[in-house]
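Reading through the structure tokens given below for one structure.
Scope of the values below: all heavy atoms of this structure, side chains included, with no hydrogens, waters or symmetry mates. Chain naming here is simple, since letters A, B, ... match the order of the sequence lines and numbering starts at 1 in each.
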Amino acid sequence: MKKHHVSTTINGDEVDFLCETSETLLDVLRDHLHLTGAKEGCGTGDCGACSVTLDGVLVCSCLVLGVEAEGKEIETIEGMADGDELHPLQRKFVEHIALQCGICTPGLLISARSLLEKNPNPTEEEVRFGLAGNLCRCTGYQNIIEAVMDAAQEMRGA
Amino acid sequence: MTEMKYEVPTSLDDAVALLADGKGNAKVLAGGTDVLVQMHMDLIEPDLIVDIKNISELRQITKEKDGYRFGAAVSGVELMDHEDFCQTWPGIMDGVSLIGSLQVKGRASVGGNVCNASPAADSVPAMIAAGATATIVGPKGKRDIPVEEIATGPGQTSLEDGEIVVSFFLPNSAPGTGGAYQRFTPRTEMDIAVVGVGISLTLGDDGVCSSAKVALGAVAATALIAEAAAAALVGTKVDKAALDNLAAAASAACKPIDDKRGTKEYRIKVAGVLARRVALIALERALGGKE
Ligand SMILES: Cc1cc2nc3c(=O)[nH]c(=O)nc-3n(C[C@@H](O)[C@@H](O)[C@H](O)COP(=O)(O)OP(=O)(O)OC[C@H]3O[C@@H](n4cnc5c(N)ncnc54)[C@H](O)[C@@H]3O)c2cc1C
Ligand code: FES
Ligand code: FES
């Protein structure tokens, strides 16, 4: 079967891959590139566990075809920490115990970062709205919201 | 299984030619938030996917002399980030901002929302109420039709093989016009409308409603235009009596089904309640526009 040759930038690195039309960006990230941070919770856009950014726009990678990534810049959870230095959101998730099983965490972190880039000083309601596309079956969300609010404050230097 | 091809044309002519070659089993891909879900669930198995996102006409938002035009593949987030569009068309944005999560809106287009032809599509009632038209190209050339003429039933459209919606046009509204859309869902986010109501109304200098359009979603096989409901507002100051008549007419217009989200009776009742609320928001916006 003829495969597509796709050239992208992932977390700042130039990455080329081969994929079939039917493969999603999530399939490519996980199965071909072994970037398994993004999770498949549903495969239908409902859970947000597969969240990544595509040219800076938050998307569900299960709703993007691998071939659509041609020429695009992708950011995944693997690019969030700076070496051993966790991103403030990651650190606050740990401090606030904002996770249990952790399946939703990579997606939530990517969504939260995207939210804070657009709105560095969100209200609690804005955080809840901004993260509404990320489902968590374990935590009840409260600690996640607190972690994001706390990280936002730290990132504002307040 | 045959091989699924993927093409990403950069001109309308190329897209139309590809779709014509695809002979019926070619699928247009915009944001993919319906197409990929349908592929994932094995509901569709196209031989060819024609990605229309690299065609510039489908991606632009432009203010023209007589109104606003936006490409059918413009994403929800692109509309939300366009301040002037949002200020000019708050009713349309009520609908667009309800389409799924931010992740979904990062991809989902109004073109896809309209062409997927779900009776509950949230952008559709407000588009109809605002008098939006769609520009369509296909093998036989170009045509313009009102948005309400695209969906013909659940998942069915009047588009012929090889036709693509290029853009939508929203004609400038008269001074004193306000539009709004609200839906009712069991959850507040990430759910499908049980009823959706879009209303556009115009007030004269005397504060009397001179024209109105009411569109109902999720209460029939396609979005409905409720003429009697609009007539209940015209000639009134949108007072309590007018709102009562509007609610009764909106309920009367519904031809709903029973499903897990709500029974027929429930949908009929909610349509009236919601129509009243939406009219009040549209009224407030119409008054705001006059100050
Ligand atoms: C988790 C989730 C939640 C959702 N919630 C809502 C919601 O609350 N309210 C709501 O209304 N919708 C909701 N949706 C559906 C919504 O995302 C889609 O209807 C979307 O608007 C379709 O746009 P798209 O660009 O993704 O279209 P695509 O999926 O690319 O296409 C949709 C259909 O339209 C056709 N098509 C697309 N563009 C054109 C064109 N220009 N010309 C001709 N045909 C075309 C395609 O061939 C396909 O049949 C949700 C979806 C998901 C995954
Ligand atoms: S796996 Fe993509 S949204 Fe659930
Ligand atoms: S921590 Fe388990 S789903 Fe969120």
Side-chain angles (χ1 to χ4, degrees), chain A residues 1-6 19-27 38 40-72 107-108 110-112 114-115 117-119 125-135, chain B residues 1-8 10 22 26-27 29-54 59 73-81 97-109 112 116 185 187-192:
Chain A
M1 193 171 273
K2 187 176 158 287
K3 296 204 176 192
H4 304 280
H5 178 203
V6 181
C19 71
E20 286 168 20
T21 304
S22 59
E23 289 179 294
T24 65
L25 177 59
L26 179 62
D27 296 332
E40 176 164 341
C42 64
T44 52
D46 292 285
C47 75
C50 64
S51 298
V52 301
T53 62
L54 192 67
D55 281 351
V57 179
L58 183 67
V59 300
C60 295
S61 58
C62 72
L63 294 185
V64 178
L65 294 175
V67 284
E68 290 183 81
E70 172 63 38
K72 299 265 191 291
L108 270 159
I110 291 288
S111 295
S114 170
L115 168 73
E117 275 166 9
K118 278 197 169 179
N119 180 359
E125 194 182 342
E126 285 166 342
V127 173
R128 288 187 185 274
F129 182 79
L131 302 181
N134 294 82
L135 302 186
Chain B
M1 192 182 113
T2 54
E3 182 182 334
M4 184 169 27
K5 296 206 189 75
Y6 170 86
E7 297 286 349
V8 53
T10 52
K27 192 79 180 158
L29 176 73
T33 62
D34 288 316
V35 169
L36 266 74
V37 171
Q38 289 158 11
M39 277 170 36
H40 184 88
M41 295 169 75
D42 293 328
L43 296 173
I44 56 169
E45 217 178 296
D47 297 330
L48 168 67
I49 290 195
V50 179
D51 184 345
I52 55 176
K53 288 190 294 298
N54 284 13
R59 299 300 299 272
V74 168
S75 73
V77 163
E78 285 164 349
L79 287 172
M80 286 161 78
D81 285 345
S97 48
L98 284 167
I99 299 178
S101 58
L102 283 173
Q103 284 92 326
V104 169
K105 285 187 281 267
R107 303 292 281 172
S109 64
N116 191 57
T185 54
R187 296 175 64 203
T188 48
E189 288 293 324
M190 299 286 286
D191 206 346
I192 298 173

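Looking at B:Lys53, only its side chain comes within 4.5 Å of chain A, counting heavy atoms on both sides. Residue contact with chain B, scored on non-hydrogen atoms closer than 4.5 Å, involves the side chain of A:Ser111 exclusively. With a threshold of 4.5 angstrom between heavy atoms, A:Val59 approaches chain B through its backbone and through its side chain. Looking at B:Leu102, the atoms closer than 4.5 Å to chain A (heavy atoms on both sides) sit in the backbone and in the side chain alike. Proximity to chain B (any heavy atom under 4.5 Å) is restricted, for A:Ser51, to the side chain, taken from C-beta onward. Only the side chain of A:Leu54 comes within contact range of chain B, with at least one heavy atom under 4.5 Å from a heavy atom of that chain.
Remark: B:Lys5 NZ is loosely packed, at most 12 non-hydrogen atoms of other residues, nucleotides or ligands lying under 6.0 Å away.
Residue with the most contacts toward chain B among A:Val52, A:Val64, A:Thr24: A:Val64 (heavy-atom pairs, distance under 4.5 Å).
The heavy-atom pair separating B:Leu29 from A:Leu65 by the smallest distance is CD2-CD1, 3.9 Å. Considering every non-hydrogen atom in both B:Leu36 and A:Leu63, the closest pair reads CD2-C, 3.2 Å. When all heavy atoms are compared, the tightest approach of B:Ser101 to A:Gly133 is CB-CA, 3.3 Å.
The side-chain heavy atoms of B:Asp51 and A:Glu68, taken from C-beta on, include a pair separated by under 4.5 Å.
With rounding to the nearest 0.5 Å, the separation of CD in B:Gln103 from OG in A:Ser114 is 8.0 Å. A distance of 7.0 Å separates SG in A:Cys42 from NE2 in B:His40, rounded to the nearest 0.5 Å. If you take OG1 on A:Thr21 and CE on B:Met39, they are separated by 8.0 Å, rounding to the nearest 0.5 Å.
By the side-chain contact (heavy atoms from CB on, under 4.5 Å) test, A:Lys118 pairs with B:Val77, B:Asp81, sequence neighbours left out.
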